[in-house]
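This report concerns only the one structure given below.
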Amino acid sequence: MADKLVPSSPADASEPLFSFGVIADIQYADLEDGYNYQRSRRRYYRHSLIHLQGAIEDWNKESSMPCCVLQLGDIIDGYNAQYKVSEKSLELVMNTFQMLKVPVHHTWGNHEFYNFSRDYLASSKLNSKFLEDQIAQHPETTPSENYYAYHFVPFPKFRFILLDSYDLSVLGIDPSSPKYEQCMKMLREHNPNVELNSPQGLSEPQYVQFNGGFSQEQLNWLNEVLTFSDTNQEKVVIVSHLPIYPEASDSVCLAWNYVDALSIIWSHKCVVCFLAGHTHDGGYSEDPFGVHHVNLEGVIETAPDSQAFGTVHVFPDKMLLKGRGRVPDRIMNYKREQAL
């Protein structure tokens, strides 16, 4: 019996330290099925809520209960705004999430801003910043109110950071504000097209209106948190609606200044995984620095007979994504020096 108390025993190694759920691009609307903008893929607006209910039932029944769920943005579809039912649809989805037995961390995507202003979101149930952890002795790791980002510790030596990938954006902010003017100027410098959602002819196709980016202020804050995590030998998982690594994503779906975000992440040893949504197709790549970039398949384009969510089981030396339906299983080993 004494063997079981030894932390490095095989019996222990087979049990995860903790687990967390992931789901992306639910995009619920009370509408008949439709298609994406290119009319190339079907969208199941009503059924996305049934998919969410199925995911929640699954998470609630898991033997290794997830400690939390990460909702990677685009929780309701932009069509809700057109029909003036944004608040009603959001309430319906949030009431569904209440069936979940663990907390949900929400990121904000472009569809949040098609439906609501940034000010509205800040005071809504989609603001999960109250779940943040604070590092008292390092005030520089406290995020500013100018962007929606925070960090938390689900398990000792593991820190999760939620980023605001629409911190720089022309969506959801007052068109008469200086920030809007600054972001529109940046967008037009990179995108001369009349239709700003079109990447046609662009050398940097990520510069479209439905994407956004990270302000220097937010990037400086990220750098401070990662410096703290390096010093304290933590592992870090970063969460964003927009992906930042070209090998894992369609280039049209990347954050505007993804290169700036990557350069900060690559200057630290602690980051093991970057989770994003937005692409709907999903994607995966391990970068040269050993960071696993996972773009989750979107619920909105998932047929009724399938599913699109996952549970990530975290071990001392790796993470195992157990996908459902369209989301494939993945083994994500840490670089050797990162293993606990």
Side-chain angles (χ1 to χ4, degrees), residues 23-30 48-49 52 56 68-100 102-135 139 141-152 154 160-184 209-215 217-219 221-222 225 238-242 255 276-278:
I23 193 164
D25 299 272
I26 298 165
Q27 285 182 226
Y28 168 75
D30 184 11
S48 65
L49 195 65
L52 174 61
I56 289 170
C68 64
V69 166
L70 307 176
Q71 188 275 112
L72 303 178
D74 284 3
I75 197 168
I76 64 171
D77 195 85
Y79 272 127
N80 287 287
Q82 202 173 308
Y83 294 103
K84 297 186 167 50
V85 288
S86 300
E87 291 183 27
K88 182 183 172 187
S89 291
L90 179 61
E91 191 68 19
L92 188 58
V93 179
M94 296 307 275
N95 285 344
T96 302
F97 264 116
Q98 283 191 329
M99 293 155 46
L100 189 65
V102 297
V104 186
H105 295 267
H106 297 284
T107 54
W108 298 349
N110 46 313
H111 283 262
E112 272 71 36
F113 295 113
Y114 297 155
N115 284 286
F116 306 109
S117 71
R118 180 169 279 274
D119 288 345
Y120 181 95
L121 288 170
S123 57
S124 76
K125 290 177 183 174
L126 281 178
N127 185 341
S128 49
K129 213 169 178 178
F130 66 93
L131 296 169
E132 73 181 340
D133 283 318
Q134 299 198 331
I135 305 167
T141 60
T142 302
S144 151
E145 292 300 316
N146 296 333
Y147 48 85
Y148 171 66
Y150 64 92
H151 54 86
F152 67 99
F160 284 33
I161 302 174
L162 269 78
L163 293 181
D164 182 351
S165 53
Y166 287 85
D167 178 14
L168 298 179
S169 171
V170 294
L171 303 177
I173 53 173
D174 182 351
S176 65
S177 67
K179 186 158 187 181
Y180 180 92
E181 286 177 28
Q182 172 209 346
C183 293
M184 183 56 82
Q209 190 168 280
F210 57 78
N211 292 336
F214 311 101
S215 67
E217 185 187 21
Q218 185 182 183
L219 291 172
W221 167 78
L222 173 63
V225 180
I238 300 180
V239 183
S240 161
H241 180 65
L242 295 180
H278 196 53

Would you find a donor on one side and an acceptor on the other, under 3.5 Å apart, between the side chain of [X] and the backbone of [Y]?
X      : Y      : answer
Lys88  : Asn80  : no
Asn115 : Asp77  : yes
Thr107 : Gln71  : yes
Ser48  : Ile26  : yes
Gln134 : Thr142 : no
Trp221 : Thr141 : yes

*Ion pair present between Asp174 and Arg118, side-chain N to carboxylate O less than 4.0 angstrom?*
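No, Asp174 and Arg118 are not salt-bridged.
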Identify the heavy atoms of [X] and [Y] that sit nearest to each other, and give their distance.
X      : Y      : value
Asp167 : Phe214 : OD2-C, 4.1 Å
Lys125 : His106 : O-CD2, 3.8 Å
Glu145 : Lys129 : OE2-NZ, 3.9 Å
Ser215 : Tyr147 : OG-CD2, 4.4 Å
Leu242 : Ser165 : N-OG, 3.3 Å
Gly212 : Tyr166 : N-CE2, 3.7 Å

Testing the 3.5 Å rule here: is there a donor-acceptor pair between the side chains of [X] and [Y]?
X      : Y      : value
Ser117 : Asp119 : no
Asp25  : His111 : no
Gln218 : Asp164 : no
Tyr148 : Ser128 : yes

*Parallel, tilted or perpendicular for Tyr120 and Phe116, by the 30°/60° rule?*
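The rings of Tyr120 and Phe116 lie parallel, inter-plane angle below 30°.
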*Should the heavy atoms of other residues, nucleotides or ligands under 6.0 Å from OH of Tyr79 be counted, would the total exceed 12?*
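No, because the 6.0 Å sphere around OH of Tyr79 holds 12 heavy atoms or fewer from other groups.
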[X] side chain near [Y] side chain, heavy-atom distance below 4.5 Å:
X      : Y      : result
Leu52  : Phe97  : yes
Phe152 : Cys68  : yes
Ile76  : Glu91  : no
Leu222 : Ile238 : yes
Asn110 : Asp74  : yes
Ile75  : Leu126 : yes
Ser124 : Met94  : no
Ile135 : Asp133 : no

[atom1]-[atom2] distance between [X] and [Y], expressed to the nearest 0.5 angstrom:
X      : Y      : atom1 : atom2 : result
Phe113 : Phe210 : CZ    : CZ    : 15.5 Å
Leu171 : Asn211 : CG    : CG    : 9.0 Å
Trp108 : Ser169 : CH2   : OG    : 12.0 Å

_If you apply the rule side-chain contact (heavy atoms from CB on, under 4.5 Å), what do you find for Thr96 with Leu49, and how did you get there?_
CA-CA 8 Å; Thr96 302; Leu49 195 65; 3.6 Å; yes
*For the pair Ile173 and Tyr180, evaluate side-chain contact (heavy atoms from CB on, under 4.5 Å) and give the outcome as yes or no after the intermediate values.*
CA-CA 7 Å; Ile173 53 173; Tyr180 180 92; 3.9 Å; yes
_Ring centers of Phe160, His105 separated by less than 6.0 Å_ =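 No; His105 has its ring centre 6.0 Å or more from that of Phe160.
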